Every structure is written in structure tokens, then in C-alpha cells.
Novice: 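Just dropping this structure here.
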Amino acid sequence: VTGSLEVSDLDLVRLAQAGDAEAFGELVERNRRAVFRAALAAVGSPTEAEDVAQEAFVTAWRKLDGFRGESQFRTWLLSITWRKAIDRRKTISRWLKLAAASSRDEAGDDMFDIIERVPATGRSHDEVMASNELHRDVRKLIGTLPRKLRDALLLAGTGEHTYDEIGQLLGAPVGTVKWRVAEARRVLKRKLTAMGYANE
Amino acid sequence: MSNYDTPGSLDGAIDDAVRDMMQVDPRPGLRQRVAGSIGARRQRTDGFRLGLAWAASLAVVAIVSVLLFRSPEPSQPVHPPQVAVAPPAVPASPQAGPQAVEARRTAPPRVTPRRDPAPESIFGPRADRVAAASVAPSVTATPAPADADAIVDLPSFPGALPQITPIGVAPIHVTPIAITPLSVSALSHRR
């Protein structure tokens with residue numbers, strides 16, 4: 001596909017529906033970051049998020065004939081990604097609950113928190129160790145947030161998704177999404193203050 | 001107590017943490033991995049379809065082979081209904097050879113007619129007895145087929161065939177019954 005900047009997503013979709021694998025590859029390239037970060041917001045692990053993103057693209061290719069252009073391709077693709085990510089999160093959660101049932105430590109029993117204690121791919125051990133104490137505590141507290149608040153906060157923090165897209169993914173109005181983000185921050189600050197951090 | 005106590009520090013720390021968690025890029029090569037998965041899936045699908053087509057073709061060939069090379073079965077002879085009322089007489093046919101006539105006369109009957117005692121009629125003895133399966137001698141005088149086993153061999157009946165006489169039924173006369181109307185006298189409720 002030459003001149004990809006001028007070709008719209010819908011044109012690429014039409015080409016891909018006609019069997020043009022290169023056009024679908026261009027769609028993957030355009031949306032890979034948004035898809036990966038949406039999956040990351042749900043599952044919390046970059047490795048798992050990559051698997052989910054790959055599955056989502058393959059599923060999108062398989063179901064491409066059913067896409068009629070009534071919504072944006074990116075929105076349709078993100079919906080597939082979010083459903084797969086939620087399914088993966090449920091699977092991981094069940095597995096981790098079984099694994100952590102016998103060795104639950106002081107850090108809490110939330111699945112997201114357990115995932116976050118696994119060093120992320122691409123981050124060196126020194127980088128992890130260099131993180132300051134507040135940074136670690138904030139991440140840990142994010143893992144303890146209720147899922148609705150945490151999903152909204154993390155999706156808003158990706159820098160890839162608009163509030164409209166987040167609302168469509170979460171099945172909530174934009175106003176509700178904004179309230180959840182603000183509420184998540186309030187909860188985090190309250191907990192951090194309770195832990196002794198000053199909020200001046 | 002706190003090592004992060006600058007103004008607005010908690011909002012900044014939350015933003016930093018969320019950004020650090022979420023603004024991560026996937027490893028390079030996602031496009032190639034997706035293309036590989038799609039190709040592998042397509043190969044699996046093609047292989048499955050190819051196998052399915054082969055299986056269907058083999059099944060069709062097998063069915064056609066069975067239909068084409070199946071030996072034609074000899075047609076089963078249709079036995080005539082065996083009537084056990086009275087053994088019809090089969091006179092010797094001049095066209096049949098003497099051996100066939102002899103075999104027909106000496107062969108034991110395969111179907112033994114069961115003769116129940118004739119019931120006593122409340123109307124008295126009938127003038128003539130009529131066998132339901134009595135046939136004219138001209139009909140039965142057919143030549144014996146070549147395959148003697150394919151037919152029911154019945155012994156010849158030495159006696160003469162009874163003559164069929166139609167039964168005369170007298171018409172029934174219906175005598176109308178005269179019904180006189182009832183006359184009901186008025187009853188008085190007064191006593």
C-alpha cells in the first residue's frame with residue numbers, strides 16, 4: 001500500500017475485505033499501539049497484552065467480512081480487543097487466585113497487583129529498583145482500585161483513547177467515564193494520604 | 001515520613017505512575033506476528049478444507065463404485081397367494097411332459113388345507129355347496145413352468161370339479177307397521 005497516509009482506514013478495510021493482506025497489515029500498523037494499550041489496561045501485563053493484541057487482530061481479520069462500516073474500524077477493533085482482554089483477565093484472575101491462595105502476602109490479593117509485581121518486559125531490574133517508594137505505592141494502590149475505576153483511569157492514561165472511545169469500550173456515557181477517572185484519583189490520594197504522604 | 005512532599009505531589013505521582021504503566025509500546029514485529037498467525041490459520045483452514053474435499057470425494061467414489069459394481073440380485077419369485085380352502089385340481093396338461101405330470105401327481109402338498117367341520121346351518125341344508133376358490137378347469141389347465149420349485153405344488157384332485165351355481169336370494173319384503181297415534185286425555189291437577 002503506497003501513500004498510506006492518504007488512504008483512509010475504511011479504504012484499507014475494503015481492500016482487506018477483498019483479500020489484500022498488505023492492506024490489513026497497514027491497519028495493524030496504524031492501530032497496534034491503541035490495541036496494545038487497551039489490552040494492557042485490562043490485563044496489566046505487557047506480555048499478556050501482546051498476546052491479546054495479536055488475538056484481536058487475527059479475530060478482526062477473520063470477522064472482517066462482517067464489518068459494514070457503520071462505525072469506525074478503530075472503534076470496532078478496540079471493542080474486539082477489549083472483549084478479548086476481559087476474557088483473558090478473567091482467566092488470569094482465576095489462575096492467580098488459585099496460585100496465590102496458599103501464598104498470599106502482605107501486598108494484597110488483587111490480580112492486578114500480583115501481575116504488577118512481575119517485572120514488566122523491557123524494563124531492566126535496575127529500573128524497577130530505581131523507582132521511588134511513592135511510585136511503587138501508587139502502582140500498588142492502583143491495583144487495589146475497583147475495576148470500574150481502574151479501567152477508566154488506565155484507559156484515560158494511555159494517551160491513545162478519547163473519552164468517547166473509552167465510553168464505548170466500557171459501555172458507559174462519557175460523563176460517567178470522567179467521573180470514574182476523577183473518583184479513582186480521589187481514592188488514590190485519600191489512600192496515599194492515609195499512608196502518610198502529604199498532598200499540599 | 002514522606003519523601004515526596006512537593007506541592008501537588010500526589011496528583012503528579014499518580015500521573016507519573018499511570019503514564020509509566022500505560023504508555024508502553026508493544027515489541028516490534030507485531031505486524032509480522034499477526035501476519036504469521038493469519039497465514040498459519042489460513043493454512044490450517046485450507047488443510048481442513050482440502051481434507052474435507054478429499055473425504056467427500058472418496059465417499060462419492062465409494063458410493064458410485066458400490067452402485068456400479070453391485071451384482072444384480074436374482075428377482076425373487078412371487079408366490080401366488082395360497083388358498084387353503086380346497087386344492088384345485090390340476091389336470092395333466094398335454095404340453096407338459098409325462099415326468100412333470102407324474103411329479104405333480106405324486107408330490108406331497110406343501111399347504112395342507114385345514115378343513116373345519118361344516119357348521120350346522122340354522123336355515124337347514126343348502127341346496128348346493130359352493131367353494132369360494134373353485135375355478136373353471138380351463139383356467140387351471142396351464143402348462144407347468146420350467147422351474148417347478150418356484151411354484152406351489154398342489155396335488156391333483158382326482159374328483160370332478162363342482163359346478164358353481166349362483167345362489168338365489170329371495171328379496172326381503174318389508175311390511176310397514178301401522179302406528180296409531182296416542183291420545184292423552186287431559187289430566188286434572190285438582191283432587
Side-chain angles (χ1 to χ4, degrees), chain A residues 21-22 24-29 32-33 35-41 44 46-47 49-50 53-58 60-62 116 120-123 131-143 153-160 184-185 188-190 192-193 195-200, chain B residues 1-70:
Chain A
E22 193 67 23
F24 188 76
E26 179 62 26
L27 287 170
V28 173
E29 195 65 31
R32 65 183 183 91
R33 181 179 290 170
V35 166
F36 170 77
R37 291 184 179 179
L40 183 62
T47 305
E50 278 195 8
Q54 189 169 327
E55 285 181 17
F57 280 121
V58 172
W61 167 263
R62 193 159 47 85
E116 282 305 311
T121 305
R123 298 187 66 201
S131 299
N132 60 45
E133 186 180 356
L134 175 59
H135 194 269
R136 284 200 306 271
D137 287 341
V138 172
R139 290 174 64 122
K140 190 181 296 181
L141 288 176
I142 287 173
L153 176 69
L154 294 181
L155 284 171
T158 61
E160 286 288 329
R185 298 178 73 90
L188 287 175
K189 281 191 283 188
R190 192 171 61 240
L192 288 169
T193 302
M195 290 172 68
Y197 293 104
N199 186 22
E200 299 178 3
Chain B
M1 179 171 117
S2 171
N3 58 354
Y4 204 91
D5 53 1
T6 56
S9 58
L10 295 187
D11 279 322
I14 292 170
D15 289 339
D16 287 344
V18 171
R19 193 181 308 117
D20 184 53
M21 290 171 66
M22 299 310 302
Q23 296 193 1
V24 182
D25 286 337
R27 286 181 300 144
L30 179 62
R31 179 176 176 170
Q32 285 73 23
R33 290 196 294 276
V34 170
S37 296
I38 291 173
R41 179 181 288 270
R42 186 180 285 174
Q43 280 184 349
R44 282 198 301 271
T45 305
D46 290 346
F48 176 73
R49 287 179 180 168
L50 190 62
L52 200 63
W54 267 106
S57 302
L58 287 177
V60 168
V61 167
I63 291 172
V64 169
S65 301
V66 167
L67 291 178
L68 285 181
F69 297 107
R70 187 176 61 179

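We name chains A, B, ... by the order of the sequence lines, and we start the count at 1 in each one. Quick caveat, the model's predicted, so the values are computed rather than measured.
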Novice: Listed by residue number, which members of residues 30-40 of chain B have a heavy atom under 4.5 Å from any heavy atom of chain A?
Specialist: B:Leu30, B:Arg31, B:Arg33, B:Val34, B:Ser37, B:Ile38

Novice: For the interface with chain B, which of A:Thr158, A:Asp137, A:Leu27 has the highest count of heavy-atom pairs at distances below 4.5 Å?
Specialist: A:Thr158

Novice: Do you know which two heavy atoms are closest between A:Tyr197 and B:Leu10, and how far apart they sit?
Specialist: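 Of all heavy-atom pairs spanning A:Tyr197 and B:Leu10, the closest is CB-CD2, 3.7 Å.
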
Novice: Give the minimum heavy-atom separation between B:Ala13 and A:Leu134, together with the two atoms involved.
Specialist: CB-CD2, 3.3 Å

Novice: Do A:Arg37 and B:Asp25 have side-chain heavy atoms sitting under 4.5 Å apart?
Specialist: yes

Novice: Quick one: list whatever passes side-chain contact (heavy atoms from CB on, under 4.5 Å) with B:Arg19, sequence neighbours left out.
Specialist: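 So B:Arg19 forms a side-chain contact (heavy atoms from CB on, under 4.5 Å) with B:Asp15, B:Asp16, B:Gln23.
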
Novice: Output all residues satisfying ring pair (Phe, Tyr, Trp, His ring centres under 6.0 Å) with A:Phe24, sequence neighbours left out; order by chain, then residue number.
Specialist: A:Trp61

Novice: Determine the minimum heavy-atom distance between A:Ile142 and B:Ala17, stating which atoms define it.
Specialist: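 Reported closest heavy-atom pair: CD1-CB, 4.4 Å.
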
Novice: Would you name the heavy atoms of A:Arg139 and B:Asp20 that are closest together and state the gap between them?
Specialist: NH1-OD2, 2.6 Å

Novice: Measuring from B:Ile14:CD1 to A:Leu188:CG, what's the distance to the nearest 0.5 Å?
Specialist: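 Rounded to the nearest 0.5 Å, the CD1-CG separation comes to 4.5 Å.
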
Novice: For A:Leu153, which atoms come within 4.5 Å of any heavy atom of chain B: side chain, backbone, both, or neither?
Specialist: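 For A:Leu153, heavy atoms of backbone and side chain both lie under 4.5 Å from chain B.
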
Novice: What pairs with B:Val66 under side-chain contact (heavy atoms from CB on, under 4.5 Å), at least two apart in sequence or on another chain?
Specialist: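 None.
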
